[in-house]
Amino acid sequence: MKKRELWFGLAMIAGGILFLLAALLLDTPLDSLFCGFFGAFTGPGVIQVYKYVKWTKLETPGSYQRHLEEEQIELRDERKEMLRNKSGRYAYILGLLAAAAAMTVFSFLGKLGMVDEAACRLMILFLAGYMVFQIVAGWALYRLLDKKY
């Protein structure tokens with residue numbers, strides 16, 4: 001395993017600690033975000049350092065190489081690649097359906113007066129923009145991949 005992966009993990013931990021210090025020392029409305037960034041940086045950093053220590057301290061020198069070869073086989077397995085593609089498509093469709101359902105719910109809540117009308121309008125416009133973005137991005141990526149392959 002390369003040394004830069006260790007340094008990257010340590011930098012992630014340091015960044016997380018900086019966010020924690022900012023949350024504890026600064027009195028801003030962003031404290032909860034800083035705490036979230038602390039976890040988002042520190043968790044992956046600790047895992048990266050753990051992986052580095054685990055794979056550099058092995059008893060047999062070839063076991064890391066075998067691990068990399070197995071990982072490459074898993075990544076290039078046609079069945080698993082097909083399943084990843086299919087799950088991505090299903091997630092895309094579910095995201096579109098969830099956005100459409102949320103738009104409907106916000107419309108009802110706004111018309112019933114349970115939520116401020118201006119806030120509902122803003123949320124509906126945001127979700128509509130998200131849906132248009134998803135559809136255009138899906139179409140554009142399909143066209144791009146169709147030309148490439």
Side-chain angles (χ1 to χ4, degrees), residues 1-24 28-110 114-115 119-149:
M1 195 166 231
K2 297 176 182 170
K3 271 273 204 227
R4 72 179 165 94
E5 294 182 31
L6 171 67
W7 289 111
F8 182 74
L10 292 173
M12 292 284 286
I13 293 171
I17 291 171
L18 288 175
F19 277 115
L20 180 63
L21 290 174
L24 295 175
T28 68
L30 302 175
D31 288 344
S32 60
L33 284 174
F34 288 157
C35 289
F37 285 140
F38 162 70
F41 275 74
T42 306
V46 168
I47 291 172
Q48 189 72 25
V49 170
Y50 169 75
K51 282 182 178 181
Y52 178 82
V53 170
K54 177 183 174 185
W55 289 111
T56 56
K57 303 296 181 202
L58 294 173
E59 293 79 27
T60 57
S63 57
Y64 178 65
Q65 190 62 32
R66 282 195 303 275
H67 170 73
L68 284 180
E69 289 172 4
E70 290 172 13
E71 193 174 81
Q72 288 301 316
I73 290 171
E74 289 292 317
L75 287 174
R76 291 191 177 116
D77 183 20
E78 290 175 6
R79 179 182 168 275
K80 290 187 179 186
E81 188 173 327
M82 185 263 313
L83 291 174
R84 282 192 298 268
N85 291 338
K86 201 169 246 202
S87 67
R89 175 168 169 69
Y90 291 155
Y92 166 74
I93 291 170
L94 283 174
L96 289 175
L97 291 174
M103 287 171 56
T104 305
V105 168
F106 277 109
S107 294
F108 280 122
L109 291 177
M114 299 175 83
V115 179
C120 282
R121 197 172 307 118
L122 183 64
M123 184 57 75
I124 291 169
L125 287 174
F126 172 76
L127 289 171
Y130 170 73
M131 286 182 68
V132 169
F133 170 76
Q134 283 285 84
I135 291 169
V136 169
W139 176 79
L141 289 171
Y142 176 79
R143 299 282 296 224
L144 187 84
L145 292 172
D146 189 37
K147 286 180 183 178
K148 184 177 180 182
Y149 300 108

> So with a 6.0 Å cut-off around OH of Tyr92, is the heavy-atom count from everything else above 12?
Replying inline: yes
>> Are Gln48 and Tyr52 packed together at the side-chain level, in the sense that at least one heavy-atom pair is separated by less than 4.5 angstrom?
In response: no
> Would you find more than 12 non-hydrogen atoms of other residues, nucleotides or ligands less than 6.0 Å from Met114 atom CE?
Replying inline: no
> Can you tell me how far the CG atom of Asp77 sits from the CE atom of Met82, to the nearest 0.5 Å?
Replying inline: 9.5 Å
> Parallel, tilted or perpendicular: which describes the rings of Phe126 and Tyr130, with under 30° parallel and over 60° perpendicular?
Replying inline: parallel
> Should Lys51 and Ile47 count as side-chain neighbours, where that means a heavy-atom distance under 4.5 Å?
Replying inline: yes
> Does CZ belonging to Phe106 count more than 12 external heavy atoms closer than 6.0 Å?
Replying inline: no
>> Minimum heavy-atom separation for Leu127 and Ala102, please, with both atom names.
In response: CD1-CB, 3.5 Å
> Any idea which heavy atoms bring Thr42 and Ile17 closest together, and the distance?
Replying inline: OG1-N, 4.3 Å
> Measuring from Ile13:CD1 to Phe8:CZ, what's the distance to the nearest 0.5 Å?
Replying inline: 11.0 Å
>> Tell me the closest heavy-atom pair linking Pro44 and Met12, and the distance in Å.
In response: CB-CE, 4.2 Å
> Can you tell me how far the OG atom of Ser32 sits from the CZ atom of Phe37, to the nearest 0.5 Å?
Replying inline: 10.0 Å
> Between atom CG of Leu109 and atom CD1 of Ile124, what is the distance when rounded to the nearest 0.5 Å?
Replying inline: 9.0 Å
>> Atom CD of residue position Glu78 - does it have more than 12 heavy atoms of other residues, nucleotides or ligands inside 6.0 Å?
In response: no
> Taking all non-hydrogen atoms of both residues, which atom of Ala23 and which atom of Cys35 are closest, and how far apart?
Replying inline: CB-SG, 3.8 Å
>> As an exercise, state the distance from CG of Leu141 to CG of Leu145, rounded to the nearest 0.5 Å.
In response: 6.5 Å
>> Testing the basics here: between Gln134 and Leu96, what is the closest heavy-atom pair and its distance to 0.1 Å?
In response: CB-CD2, 3.6 Å
>> Surrounding CZ of Arg89 (heavy atoms of other residues, nucleotides or ligands, distance under 6.0 Å), is the total greater than 12?
In response: no
> Between Phe34 and Leu18, is any pair of side-chain heavy atoms under 4.5 Å apart?
Replying inline: no
> If you round to the nearest 0.5 Å, how far is CG of Asn85 from OH of Tyr90?
Replying inline: 11.5 Å
> Of the non-hydrogen atoms in Glu81 and Arg76, which two are nearest, and what is the gap between them?
Replying inline: OE1-O, 4.5 Å
